[in-house]
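Excluded from the calculations below are hydrogen atoms, water molecules and symmetry mates; all remaining heavy atoms, backbone and side chain alike, are included. As the structure is a computational prediction, the values presented were derived from the model and not from experiment.
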Amino acid sequence: MLASTPDVVTFTFDEAVSLPADGVLVFDAAGDPVDAEASSSDTEVVADLPDTLDDGTYVVVWRAISADGHPIAGSLTFSVGSASPEVAAPKVPETDPGQVRTVLSVVQGLGYVGLLTAAGLVLFLAWALAGVRVDEAVRRRLTTVLWSAAGLAVLAATAAVPLAGAYQQGLGLHQLGESTAVDLEFVGDDLLVLALQAGGLLVALTSLGVTATRRRVAVLAAAVAVLSPALVGHSRAIEPVWLVTTTDLLHLAAGSAWLGGLVGLALTLRSLSGRERDAALVLSRFSTVAAGLLGLLAVTGALMGWRILGGWGPLFDTTYGRLLLVKVAIAAVVALVAGYNRLRLLPSVVGGVGHSARRGAVLHVGRAVRVETALLVVLLGVTGFLTNQSPREDATTRAPVASRVEVGVLADAKVLATMVPGTRGPNTVTVQVQDQAGDPVDGFAAPSVAIRSADGAVDLGEQPVLPVAAGTYVVETVVPSAGTWEVQVSLRASEFENPVTTVTFEVG
């Protein structure tokens, strides 16, 4: 509650943010827009208000892009002079960024499958198959899969550019063609990733040859392509940046070598089943580093998860954490299959007795490899959705820290209050007048609700109360910090009865 019009509204975040188009919108009590200009600088977003605002309640709706590329949003309410008796919902443009995020997640999942398969196959052809005679039909099959995977990766990276821009700016699928969806301020990193993937894969595919030099050039170019996703996402926003980014790079490299090697084995082992010596050579080369790759994937994945989530709670309380658990579970199954391959099947290929036994072992390895490959493809699909989830706590999914407190008791009625989610940021305070049986009742004036911190440092004042059902009222407010907050509720039952009670809420 302010005595006069404020000059500006300033939002201060705990990390640098950027402001999309229409990132801050101001509305009056009727839900109509109020002219305001907003800008961002480092950790602050400032909205410049008109010189004079009429008395009444105003709602400020904001949307910003965090350092890791995820959009964050919220609102606050303030009143000038006196609060409006009713506050209409702001007339915010209707979009469905949730659809954009879903499509973006699918596209990124496909992109990971194509990119890691293509880059890993380059390594497989340049190293595991070096000096091994392969049937022409099998080599054509390998080449077809390699070019198809590379094409899928580039197409997905291309589609991800406008989708990422639309997701960050809160646009709908029907707005992908607008210039704001490809604003360089928001999609510059995605364009860089596209350029590195397209250029790196093209050089890698055209450089593969019989000479050692050409093979080294191809592997180096493929590495540039497969490591490019580490330039965007969570790793660039988590301290220490160098450690998390390096871990991300190693994770991508190990995953690519593993998946590409499995795809290569799945495509070639059947043709080598009659030439057990060649099959044993290829399997030995891959298995030599396979255990190391699996260990590297486990260590780097655990380290990134620890640095990004910062504790055990978000692992279960956030969508990001739960998807990470699904990814870990799939990886554990892959590890079991890989262990069975190496400890039970591979010895039969290398040192089995008899031609038929070794040939049968090669075919068994091929089937196990195909299972591993399918599981890794599913794992990468989960990763596509994982990258578009915020590792921060999500107020819509975490367990509410709501208090349900009896405020006042009259002869024939009682008043109860709740605060949800009871965490820093937007909260909904619900006040309900009930009869002694616990059913909501009308017949009373709307209660008065005021909010302040327990230490008195911050006083949000009396809040606009909106009736939503019989005897039920809500207050939409923003609690700016964690700690103990007091909600004062008063209910005027008659000229002489006006019970007032202060309810204490612990805000996390």
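With rounding to the nearest 0.5 angstrom, the CH2 atom of W485 is 11.0 Å from the CZ atom of R452. Expressed to the nearest 0.5 Å, how far CG of L192 lies from CG of L196 amounts to 4.5 Å. Between atom CG of residue L104 and atom CG of residue L173 there is a gap of 10.5 Å, rounded to the nearest 0.5 Å. To the nearest 0.5 angstrom, L155 atom CG is 11.5 Å from Q197 atom CD. Here T43 contributes atom OG1 and F11 contributes atom CZ; the two are 13.5 Å apart, rounded to the nearest 0.5 Å. Residue I451 holds its CD1 atom at 5.5 Å from CE of M419, rounded to the nearest 0.5 Å.
By the neighbour-count criterion of 12 heavy atoms within 6.0 Å, atom CG of D55 is densely surrounded, having more than that number from other residues, nucleotides or ligands. Surrounding CG of D7 are at most 12 heavy atoms belonging to other residues, nucleotides or ligands under 6.0 Å away. Atom CD of E44 has more than 12 heavy atoms from other residues, nucleotides or ligands within 6.0 Å. Within a 6.0 Å sphere centred on CG of D51, other residues, nucleotides and ligands contribute 12 heavy atoms or fewer.
Side-chain N or O atoms of S84 include one that pairs as donor or acceptor with a backbone N or O of T57 at under 3.5 Å. The main-chain N or O of R101 is found under 3.5 Å from a side-chain atom of S105 such that the two form a donor-acceptor pair. With hydrogens and angles disregarded, a donor-acceptor distance shorter than 3.5 Å links the side chain of N427 to the backbone of T423. Between the side chain of T5 and the main chain of T52, no donor-acceptor pair closer than 3.5 Å is present. Under the 3.5 Å distance criterion, the side-chain polar atoms of S256 are matched with a main-chain donor or acceptor of G120. A side-chain donor-acceptor contact under 3.5 Å links Q463 to the backbone of G461. Checking side-chain atoms of S228 against main-chain N and O of A225 turns up a donor-acceptor pair under 3.5 Å. Listed for the Q169 side chain is a donor-acceptor partner under 3.5 Å among the backbone atoms of T180.
Using a 4.5 Å heavy-atom cutoff, the side chains of L53 and F78 are in contact. Between L252 and P229 there is a side-chain heavy-atom pair separated by less than 4.5 Å. In this structure the side chain of P426 never reaches within 4.5 angstrom of the side chain of E476, judged on heavy atoms. Side-chain contact between S79 and E462: absent, with no pair of heavy atoms (C-beta onward) separated by less than 4.5 Å. Side-chain contact between V34 and P50 is present, with at least one heavy-atom pair separated by less than 4.5 Å. Taking the side chain as every heavy atom from C-beta outward, Y473 and V468 never approach each other to under 4.5 Å. S18 places a side-chain heavy atom less than 4.5 Å from the side chain of F186. For the pair P467 and T472, the minimum side-chain heavy-atom distance is 4.5 Å or more.
Nearest heavy-atom pair, G81 versus M1, reported as atom, atom and distance to 0.1 Å: O-SD, 3.8 Å. Between P162 and L176, the closest heavy-atom pair is O-CD2, 3.7 Å. Contact detail for P20 and R63: the closest heavy-atom pair is CD-O, 3.2 Å. For A150 against A118, the heavy-atom pair with the smallest separation is N-CB, 3.7 Å. Shortest non-hydrogen contact noted between D248 and A230 is OD2-CA, 3.6 Å. Of all the heavy atoms in L201 and A119, the pair that sits closest is CD2-N, 4.5 Å.
Partner V378 forms a side-chain contact (heavy atoms from CB on, under 4.5 Å) with one of V326, V113, I330 and no other, that one being I330. Residue V103 is tested with V106, V100, V107 for a side-chain contact (heavy atoms from CB on, under 4.5 Å); the sole match is V107.
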Checklist line | Residue pair L49, V9: steps toward the side chain to side chain contact (heavy atoms under 4.5 Å, CB included) verdict | finding: CA-CA 7 Å; L49 300 176; V9 175; 3.8 Å; yes
- When you look at T477 and L76, which way does the side chain to side chain contact (heavy atoms under 4.5 Å, CB included) test go after all the steps? CA-CA 6 Å; T477 189; L76 67 82; over 6 Å; no
Mind running side chain to side chain contact (heavy atoms under 4.5 Å, CB included) on L191 and V161 for me, showing each step along the way? CA-CA 7 Å; L191 286 171; V161 173; 3.8 Å; yes
Walk me through whether V26 and V59 qualify under side chain to side chain contact (heavy atoms under 4.5 Å, CB included). CA-CA 6 Å; V26 182; V59 179; over 6 Å; no
